[in-house]
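First the structure, in the form of structure tokens, and then the observations on it.
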There are 2 protein chains.
Amino acid sequence: MPAVSDCKDMLDSETKAVETPEDHAEELRLWLRLLTCTTLIEGEVRGRLRQRFDVTLPRFDLMAQLDKAPDGMTLSDVSKRMMVSNGNVTGLVERLVESGHLDRRTSETDRRVQVIRLTKLGRAEFRRMASEHETWIADLFADLTPKDVRELMRLLAKTKASAQKSAARRKP
Amino acid sequence: MPAVSDCKDMLDSETKAVETPEDHAEELRLWLRLLTCTTLIEGEVRGRLRQRFDVTLPRFDLMAQLDKAPDGMTLSDVSKRMMVSNGNVTGLVERLVESGHLDRRTSETDRRVQVIRLTKLGRAEFRRMASEHETWIADLFADLTPKDVRELMRLLAKTKASAQKSAARRKP
DNA sequence: GGAAAACATTTTAGGCTTAAAATAATTTGG
DNA sequence: CCAAATTATTTTAAGCCTAAAATGTTTTCC
């Protein structure tokens with residue numbers, strides 16, 4: 001049963017709008033559940049990548065970005081796509097170049113820019129891992145019906161848009 | 001329109017069940033979208049906590065767990081709840097004890113066990129941060145209707161159960 | 001043209017995170 | 001009882017990650 005004041009705003013004795021301390025417990029629970037799901041799946045994927053291929057999740061993610069860009073990407077692009085800091089990408093790339101998975105060169109038209117690509121080895125290894133990775137994801141989501149998946153996609157798109165709007169409000 | 005083979009298994013010319021390389025692109029896209037949402041919101045919350053209260057997200061999360069347990073928790077409990085490694089909790093606790101937010105003592109009935117609690121200061125600071133934190137979350141999810149929230153809660157519960165089942169299959 | 005602003009990247013300092021090994025305490029099964 | 005197994009925690013080594021400052025390059029705009 002609803003509590004006494006179930007409305008968004010109240011009118012006080014002088015008929016002036018008053019901010020009610022609103023209850024956002026549901027949104028909070030939703031956020032925690034979202035975080036739990038992601039942490040759970042991420043941990044599982046991380047563990048399988050390590051055990052099966054001895055590779056870390058961030059390296060896999062970086063290679064996944066590059067696999068979609070045959071002509072390479074700049075570090076900034078990668079950083080935006082992966083939603084991590086520039087400095088973070090610098091370090092990841094360094095290690096993947098060292099291990100022979102990535103190729104890095106300075107752009108000829110703008111000497112500030114570094115362009116990175118998968119090497120032949122990098123692409124081959126990534127493809128091998130990615131196909132197994134896909135089956136893990138399928139297994140992790142196995143109990144969802146196609147309708148569940150569609151519905152989640154829709155609601156998460158809405159969530160993403162809402163969060164982006166909120167983030168933009170903070171730093172315009 | 002569906003491709004030629006839209007079924008889960010095929011019967012080959014000798015009427016034997018054959019594994020078709022299935023297409024799990026939808027689940028993959030769902031996973032990436034889930035990850036994007038979480039990363040986006042997490043980054044926003046992390047930034048606000050830092051700017052507004054000069055506190056890190058993991059410290060806030062740890063305090064949140066303890067706020068719900070007035071009698072304290074063991075490190076193992078905390079580690080399970082937060083879904084992070086034991087060693088990670090050891091370090092976090094160390095820093096929060098140092099700063100005066102946490103109280104740590106060895107259990108009297110089992111000398112292996114460490115019990116931690118919020119100090120008066122820790123609880124006061126957490127409550128102050130938590131109430132503002134709740135408004136950030138509400139704002140981040142502001143465009144979702146109550147129905148969207150309910151539906152997401154339901155689908156994420158299903159997702160969590162599915163992932164847990166899959167994780168259990170791997171390491172029984 | 002050249003100073004100032006903008007941009008891409010790297011460096012730095014500090015904190016977070018994990019997996020695995022080590023340590024210490026308790027429980028279990030002969 | 002006590003050796004072996006289990007449990008809770010800490011330590012270790014390596015990598016990830018961020019924000020902020022520093023560096024080098026290009027663009028803007030007077």
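The structure displayed is predicted, hence computed values, not measured ones. Sequence lines set the chain letters: A, B, ... in the order given, protein chains first and strands last, and positions in each chain run from 1.
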Side-chain N,O ([X]) to OP1/OP2 ([N]) below 4.0 Å:
X: A:Arg46; N: C:dA19; value: no
X: B:Arg112; N: C:dT27; value: no
X: A:Thr74; N: C:dA8; value: no

Looking just at side-chain N and O atoms, do B:Thr109 and B:Ser107 make a donor-acceptor pair shorter than 3.5 Å?
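B:Thr109 vs B:Ser107: donor-acceptor pair found between side chains.
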Does the side chain of A:Asp103 pick up a donor-acceptor pair with the side chain of A:Thr119 at under 3.5 Å?
no
In whole Å, what is the span from the [atom1] atom of [X] to the [atom2] atom of [N]?
X: A:Glu44; N: C:dT18; atom1: CD; atom2: C1'; answer: 15 Å
X: B:Ile116; N: D:dA8; atom1: CD1; atom2: P; answer: 15 Å
X: A:Arg104; N: C:dA8; atom1: CZ; atom2: P; answer: 17 Å
X: B:Glu94; N: D:dT10; atom1: CD; atom2: P; answer: 8 Å
X: A:Gln114; N: C:dT11; atom1: CD; atom2: P; answer: 11 Å
X: A:Leu96; N: D:dG15; atom1: CG; atom2: C1'; answer: 12 Å
X: B:Arg111; N: C:dT23; atom1: CZ; atom2: C1'; answer: 14 Å
X: A:Leu75; N: C:dC7; atom1: CG; atom2: C1'; answer: 13 Å

So what does [X] touch, heavy atoms closer than 4.0 Å: a base, only the sugar-phosphate, or nothing?
X: B:Ser76; answer: sugar-phosphate
X: B:Asn88; answer: base
X: B:Thr90; answer: base
X: A:Thr56; answer: sugar-phosphate
X: A:Asp110; answer: sugar-phosphate

Pair B:Arg117 + B:Asp71, salt bridge at N-O below 4.0 Å:
no
Is a salt bridge present between B:Glu98 and B:Arg95, judged by a nitrogen-to-oxygen distance below 4.0 Å?
no
Nearest heavy atom decides the nucleotide; on that basis, is A:Arg50 or A:Gly91 closer to the 5' end of DNA chain C?
A:Gly91
For A:Gly43 and A:Val113, find the nucleotide of DNA chain C closest to each by heavy atoms; which residue's nucleotide sits nearer the 5' end?
A:Val113
To the nearest 0.5 Å, what is the distance between CG on A:Leu49 and CZ on A:Arg59?
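So the gap between those two atoms works out to 12.0 Å.
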Looking only at C:dT18, D:dC16, C:dG15, the nucleotide nearest the B:Ser85 side chain is C:dT18
Between A:Thr109 and A:Arg95, name the one whose nearest nucleotide on DNA chain D is closer to the 5' end.
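Nearest nucleotide further toward 5': that of A:Arg95.
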